[in-house]
Each structure stands twice: as structure tokens, then as C-alpha cells.
K.L.:
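Pasting a structure below so you can have a look.
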Amino acid sequence: MKVRTRFAPSPTGALHVGGIRTALFAWLVARQAGGQFVLRLEDTDKKREQAGAEQQIEASLRSLGLDYDEGPDIGGRFAPYRQSERLDNYKEWGRKLIDSGRAYADPYTPEEVQAFREEAQRAKRPFLYRNHRPDSPPEWDGSQPLRFKSEPKAYQWHDEVMGDLSTGPEVIDDFILIKSDGYPTYNFSHIIDDAEMEISHVIRGQEFIASTPNYLNLYEALGIERPVLATMPHILGPDGNKKLSKRDGAKDVLDYIKDGYLPEALVSFIATLGWNDGTEQEIFTVKELVEKFSLARVQRSGARFDERRLTWVNGHFIRQMPLDKLYEASAAYWPAQASGASADYKRKVLGLLAERLKFLKEIQELSGFFFTEPDTSAVTGLYNDPSDKQLKKVDKAKLRELLGAARQELAASDFTEEDLAQRLNALLDRLETKPGILFAAVRIAISGAPASPQLFGTLCVLGKDTSLRRLDNALELLK
RNA sequence: GGCCCCAUCGUCUAGCGGUUAGGACACCGGGUUUUCAUCCCGGCAACAGGGGUUCGAUUCCCCUUGGGGUCACCA
């Protein structure tokens with residue numbers, strides 16, 4: 001079978017993790033089979049549409065490397081890929097259904113239908129339009145909704161993720177195919193488009209499982225062979241059990257990218273949210289995912305979104321990334337003060353920072369003192385009230401003595417890491433002091449930060465002039 | 001409310017009749033002789049409940065409970 005999958009969002013907002021996961025899995029299925037992945041825009045609701053959403057969706061997919069072979073902005077064999085540009089198509093299929101007696105014009109006003117619905121609600125029964133199906137509907141002139149004339153019956157079908165599913169005839173109803181504004185409903189348009197675009201696997205969220213029997217009924221009326229169906233469980237919010245939404249702090253994918261989460265980390269994390277290969281592997285490269293992914297191993301229950309785990313995965317990817325690649329990826333995250341610094345210097349700073357980064361945006365806060373003098377009030381603050389327990393025991397006079405001695409050693413050093421280590425360690429013995437005291441004192445003088453990368457490397461990168469100057473400044477502050 | 005789906009540590013999960021129920025995140029402790037972090041070692045922590053089936057159920061079946069979805073001229 002020729003495998004073609006699609007991701008078919010409506011342009012009503014940004015893509016969050018839930019939507020992206022559906023896209024990722026569809027993409028993986030296509031890439032694994034050497035098939036195509038299609039992006040189609042379901043823009044049939046003008047009221048809910050949001051300006052810029054299409055671009056945002058496209059950018060989100062691209063930023064994660066989920067490239068599509070056909071889509072609204074790149075065209076393809078079955079263009080156009082915006083449903084709003086395929087309206088004639090749906091009308092034509094609507095006519096066919098009218099001709100075969102499987103569609104009819106809905107004569108009721110929205111208010112009348114609403115009254116039926118409320119009546120059903122009062123009786124605590126599910127609402128079925130077909131209980132009110134008109135005997136002799138008017139001719140469809142496009143101003144009324146066009147409804148599907150269903151043929152209720154029981155269904156059982158196979159879902160690649162959920163397994164065998166079944167329902168009774170009571171869930172089948174006469175749903176609207178084409179709205180009175182001329183736009184099709186999702187229920188109609190996606191079936192037509194999937195068929196015309198030769199989509200082999202329909203992979204989508206759990207919310208569609210209830211309407212699947214209706215689609216099955218429509219496929220039969222249309223004489224269309226149904227594609228393979230796969231239903232993804234929802235991704236749930238971190239604290240609640242509700243479907244993940246913006247309100248749960250579900251950031252848009254581009255927000256994560258902006259904060260310096262790496263695409264490959266995002267992909268690995270999202271893929272393992274509801275899927276695993278049965279081994280104890282926790283992290284996957286994109287290549288591995290393409291090889292190992294299978295719909296059959298997708299979890300049937302919903303998964304909670306835990307950002308802490310994403311953060312861990314991201315840190316993992318950062319740490320195993322070669323420095324050159326990491327440097328490339330970090331371009332947008334340097335603080336403003338770094339603009340004058342050389343690439344070579346920044347690369348060295350990044351080398352020191354790399355092992356403690358959770359995401360790239362942290363470079364901004366962590367690297368400040370490499371580019372500007374430490375804040376004097378921060379330095380005095382740290383000396384007066386050190387977080388370090390050892391340093392607490394030392395008075396100012398002693399601090400001055402230690403820093404003075406350290407300054408002398410540094411002045412004599414060639415500022416290679418080895419030499420610095422050797423000299424300062426020797427100083428430790430000579431002054432009979434603990435590293436927790438001497439090194440902390442020096443570290444604060446040169447960084448003004450409560451936490452910073454390892455001392456010798458930091459001194460080495462900052463260089464002799466800067467280091468000595470900062471030590472002098474600190475000595476001045478301690479007077 | 002009807003219909004449908006789901007159910008292992010706090011979280012993501014392995015398990016597909018016999019296991020000391022495994023891993024990871026988070027958390028807690030220890031180590032890597034400066035801080036933070038990394039890394040390593042250790043610890044805490046789960047089969048929702050009740051019936052069956054079976055020599056034996058986390059695993060298969062049923063019920064209960066709990067959670068979710070759906071019942072739009074939204075997708």
C-alpha cells in the first residue's frame with residue numbers, strides 16, 4: 001500500500017504539544033514507509049479562524065523538522081490544500097449524495113433545531129436530528145444546510161491504536177454536510193479530501209472516535225473505501241485530567257523553541273509521551289524514531305504533560321551535542337552585552353556553561369559576568385551573606401588576606417588551566433585553608449554570582465587582565 | 001443522562017499467566033576533595049476495589065469505582 005498521511009489542523013491558533021504529537025506520529029508513519037506527509041488546512045469556520053495561524057502552524061512543523069511533501073504554501077499534486085479553496089468540490093459531492101438520495105436540505109431554522117435539542121436534553125436523551133427528519137424536504141438551493149441522510153446500523157471497526165471498536169445504530173445521525181454559509185463541515189470535507197488526496201492513514205485525536213461511525217456510514221454512501229484509522233489518546237494537563245489546553249500552561253511549540261528547547265529534544269520527548277519501543281530506552285533520535293515507531297505501541301490511555309521531563313530530555317541533548325553545533329544553536333541566546341565579543345570567546349564561555357544548561361535561554365542569565373563587570377553590590381552582598389557555609393565563618397580581614405594572596409599567585413600565572421589549578425591548590429596548603437573558603441572568595445570576586453561554572457576554567461576564559469582587575473575591585477570593596 | 005474509550009510508583013512507562021513488578025523524570029541521601037550543575041552510587045514509591053476462570057492472576061472475563069471523550073450550521 002502507498003502510505004500517505006496528513007496533518008489537518010484548523011487555523012484557529014498556535015499548535016501545542018497535543019497537536020504536534022499527532023502531526024509527529026503521522027509524519028513518522030509516512031517517513032517510515034517512504035510515503036508522503038501532507039499538510040492540509042481545515043479552514044471551514046470563518047468565525048474561529050485566526051490571522052497568522054496558518055503561518056504559525058507551518059513554522060511549528062518546520063521548526064521541529066516535520067517537513068511536509070504537499071501543503072498550502074508549497075502546493076502539490078492535489079492542490080489546493082486549503083479547504084476554503086475547494087468549496088466547489090464539496091458542493092459537487094453534495095449534489096451526488098442528493099442524487100443518490102443520501103442528502104437533503106434541512107428546512108428548519110437554527111432556533112427550531114435548538115428547540116429539538118433542548119427537548120432531548122430535558123428528557124435526558126441524546127439528541128438525534130433524524131428523529132425530526134422532514135418527510136418532504138425542500139430542494140437544496142444552497143441557502144439551507146445540507147444534511148446527510150444516514151442509514152443507522154451497528155458498526156465494528158479496527159483502530160490501529162485502540163484496537164477493535166464497536167457501536168450501536170443509536171449513534172448514527174443526519175449530520176450537516178454543508179453549512180448554510182456554503183462551507184462544508186469538517187465531518188464532510190475531511191472525508192472527501194482524504195479520499196481525493198489518497199490518504200491511506202487517518203491519524204487524529206480521541207475526540208473523533210465518537211463520530212467515526214457516522215464517517216463509516218458516509219463512506220458507504222459515498223462508495224469510498226475507508227482509510228486505515230488510528231486514534232491518539234489525549235495529552236492531559238499537568239495537574240488536571242482535562243485535555244491539554246493553553247490554560248494549563250501548554251505553551252505553543254514555538255515558545256519552547258524560543259526558550260531554547262532543541263527540536264530533537266522536543267521530538268524525542270513528545271514521541272515518548274504515549275509511545276515507547278518496549279525497551280528501556282528513554283531518549284530517541286529522529287532517525288531512531290523513524291525506524292522504531294509503530295502505531296500498535298501507542299498508549300491507549302491519555303498521558304499527562306510533564307514539563308520537568310521535557311527539561312531533562314533537553315538538557316540531555318544539550319550535553320551530548322558537539323560544542324560547534326551547540327554554538328550554532330545558541331546564536332540567538334546571548335545577552336546584549338555579548339554583542340562585541342568574539343566568536344572564539346563566546347564558544348569558550350559556552351563550553352563552560354554547557355553542562356549546566358537546561359535550555360539555551362539560560363545562557364543569558366548565566367553568562368553575564370563573562371561580558372560585563374560583576375555588579376559591585378552583588379559582590380559585597382555575597383561576601384556579607386554568603387550562601388556558602390564555609391565562607392560564613394570568615395571575617396573580612398581574612399578574606400582580604402586570602403584574596404591578596406590569590407592575586408599574587410594569579411599575577412604570576414600564565415593563565416593556562418593547569419597552571420592556575422596548580423598554583424591555587426598550592427596556595428591552599430600554604431595558607432592552610434579550605435577550598436570552600438579560598439575558591440569561593442575568588443569565585444565571588446570574579447563572577448558576582450551565587451553560582452557559576454568551575455573556577456579554573458572561568459579564570460582561564462576571562463583572562464589575566466580581567467581576572468586581576470576583578471580581584472583588585474573586590475579587595476577595594478572589602479576595605 | 002445515553003453511547004464510546006481508558007485504568008501499574010506523584011509523572012512518563014516495561015510487563016502480553018509463574019518476575020524480589022523493571023527503567024526514567026521528580027524527590028531524598030552519599031560520592032566525584034570551591035558554589036551551581038554534570039556524572040556515579042543508593043533510597044522512597046505502583047498493579048483502584050470486588051467477583052470469577054485457572055494449580056497460579058498485574059496479565060483473561062464480568063461488575064463496581066474513578067478518569068476521559070462525545071451527543072454543534074467547531075474542528
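Throughout, protein chains are lettered first and strands after them, A, B, ... in sequence-line order, and every chain is numbered starting at 1. Basis for what follows: all heavy atoms, side chains included, without hydrogens, waters or symmetry-related copies.
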K.L.:
So does N276(A) get a side-chain nitrogen or oxygen closer than 4.0 Å to the phosphate oxygens (OP1/OP2) of U13(B)?
P.N.:
no
K.L.:
Touch check for P453(A), heavy atoms < 4.0 angstrom, all strands: base, sugar-phosphate only, or nothing?
P.N.:
base
K.L.:
Once you apply a heavy-atom cut-off of 4.0 Å, does T12(A) come out as touching a base, just sugar-phosphate, or nothing?
P.N.:
nothing
K.L.:
For U11(B), does OP1 or OP2 lie under 4.0 Å from any side-chain N or O of R304(A)?
P.N.:
yes
K.L.:
Going by purine N1 to pyrimidine N3 plus the second Watson-Crick contact, or the G-U wobble pair, all under 3.5 Å, which nucleotide sits opposite G10(B)?
P.N.:
C25(B)
K.L.:
Would you say a side-chain N or O of T44(A) is under 4.0 Å from OP1 or OP2 of A75(B)?
P.N.:
yes
K.L.:
Checking only heavy atoms, does the side chain of R309(A) share a donor-acceptor pair with the base of A26(B) at less than 3.5 Å?
P.N.:
no
K.L.:
Checking all strands, does Q299(A) fall into the base, sugar-phosphate, or nothing category for heavy-atom contacts under 4.0 angstrom?
P.N.:
sugar-phosphate
K.L.:
From the options E42(A), Q83(A), R204(A), R40(A), select the one residue that forms a side-chain hydrogen bond (donor to acceptor under 3.5 Å, both in side chains) with H190(A).
P.N.:
R204(A)
K.L.:
For C74(B), does either OP1 or OP2 sit under 4.0 Å from a side-chain N or O belonging to K47(A)?
P.N.:
yes
K.L.:
Using the P atoms only, state how far G50(B) lies from C55(B), rounded to an integer number of Å.
P.N.:
22 Å
K.L.:
Are R226(A) and Y219(A) in a cation-pi setup, meaning NZ or CZ lies under 6.0 angstrom from the ring centre and within 45 degrees of the ring axis?
P.N.:
no
K.L.:
Using atom C1' of each nucleotide, how far apart are U38(B) and U32(B) to the nearest Å?
P.N.:
10 Å
K.L.:
Tell me whether the side-chain N/O atoms of R117(A) come closer than 4.0 Å to OP1 or OP2 in C73(B).
P.N.:
yes
K.L.:
What is the separation between atom CZ on F127(A) and atom C1' on U70(B), rounded to the nearest whole Å?
P.N.:
14 Å
K.L.:
Looking at D277(A) and R297(A), is any side-chain nitrogen of the basic one under 4.0 Å from a carboxylate oxygen of the acidic one?
P.N.:
no
K.L.:
Between R309(A) and E307(A), is there a side-chain N and carboxylate O pair less than 4.0 Å apart?
P.N.:
no
K.L.:
I'd like to know if D43(A) pairs up with R82(A) as an ion pair, taking the criterion as any Lys NZ or Arg NE/NH1/NH2 lying under 4.0 Å from an Asp or Glu carboxylate oxygen.
P.N.:
no
K.L.:
Any base atoms under 4.0 Å from R204(A), or only sugar-phosphate, or nothing? Heavy atoms, all strands.
P.N.:
nothing
K.L.:
Write down the distance separating the P atoms in A21(B) and U59(B), rounded off to the nearest Å.
P.N.:
14 Å
K.L.:
Side-chain donor or acceptor of S452(A) under 3.5 Å from a matching atom on the base of C36(B)?
P.N.:
no
K.L.:
With a 4.0 Å cut-off, would you call K149(A) and D174(A) a salt bridge?
P.N.:
no
K.L.:
Using the P atom in both, what is the distance from C12(B) to C47(B), to the nearest Å?
P.N.:
16 Å
K.L.:
Identify which nucleotide among U70(B), C36(B), C12(B) has an atom closest to any side-chain atom of A210(A), counting heavy atoms from C-beta outward.
P.N.:
U70(B)
K.L.:
Which is true for L165(A) with a 4.0 Å heavy-atom rule: it touches a base, it touches only sugar-phosphate, or it touches nothing?
P.N.:
sugar-phosphate
K.L.:
In whole Å, measure the gap between the P atoms of U53(B) and G1(B) for me.
P.N.:
32 Å
K.L.:
What is the nucleic acid contact for R300(A), judged by heavy atoms within less than 4.0 Å: base, sugar-phosphate only, or nothing?
P.N.:
sugar-phosphate
K.L.:
Just call it for R122(A): base, sugar-phosphate, or nothing, with non-hydrogen atoms closer than 4.0 Å on any strand.
P.N.:
nothing
K.L.:
Mark yes or no: R147(A) above the aromatic ring of Y104(A), with NZ or CZ under 6.0 Å from the six-membered ring centre and no more than 45 degrees from the axis.
P.N.:
no
K.L.:
Which part of the nucleic acid does T272(A) contact within heavy-atom distance under 4.0 Å: base, sugar-phosphate only, or nothing?
P.N.:
sugar-phosphate
K.L.:
Sticking with atom C1', work out how far A48(B) lies from U58(B), rounded to a whole angstrom.
P.N.:
12 Å
K.L.:
Starting at atom OH of Y186(A), determine the distance to atom C1' of C73(B), rounded to an integer number of angstrom.
P.N.:
17 Å
K.L.:
With a 4.0 Å cut-off on heavy atoms, is G315(A) in touch with a base, just the backbone sugar-phosphate, or nothing at all?
P.N.:
nothing
K.L.:
Report yes if a side-chain nitrogen or oxygen of K124(A) is closer than 4.0 Å to either non-bridging phosphate oxygen (OP1 or OP2) of C3(B); otherwise report no.
P.N.:
no
K.L.:
Which nucleotide, A7(B), A75(B), A37(B), lies nearest any side-chain atom of K358(A)?
P.N.:
A37(B)
K.L.:
In whole angstrom, what separates I437(A)'s CD1 from U33(B)'s C1'?
P.N.:
14 Å
K.L.:
Side chain of R308(A): nearest nucleotide among A75(B), A26(B), A72(B)?
P.N.:
A26(B)
K.L.:
Remember a base hit wins even if backbone is also touched, and classify T311(A) as base, sugar-phosphate or nothing at under 4.0 Å, heavy atoms.
P.N.:
nothing
K.L.:
Between G67(B) and C9(B), how many Å separate the two P atoms, rounded to a whole number?
P.N.:
16 Å
K.L.:
Suppose you measure atom C1' in G15(B) against the same atom in G22(B); what distance do you get, rounded to whole Å?
P.N.:
8 Å
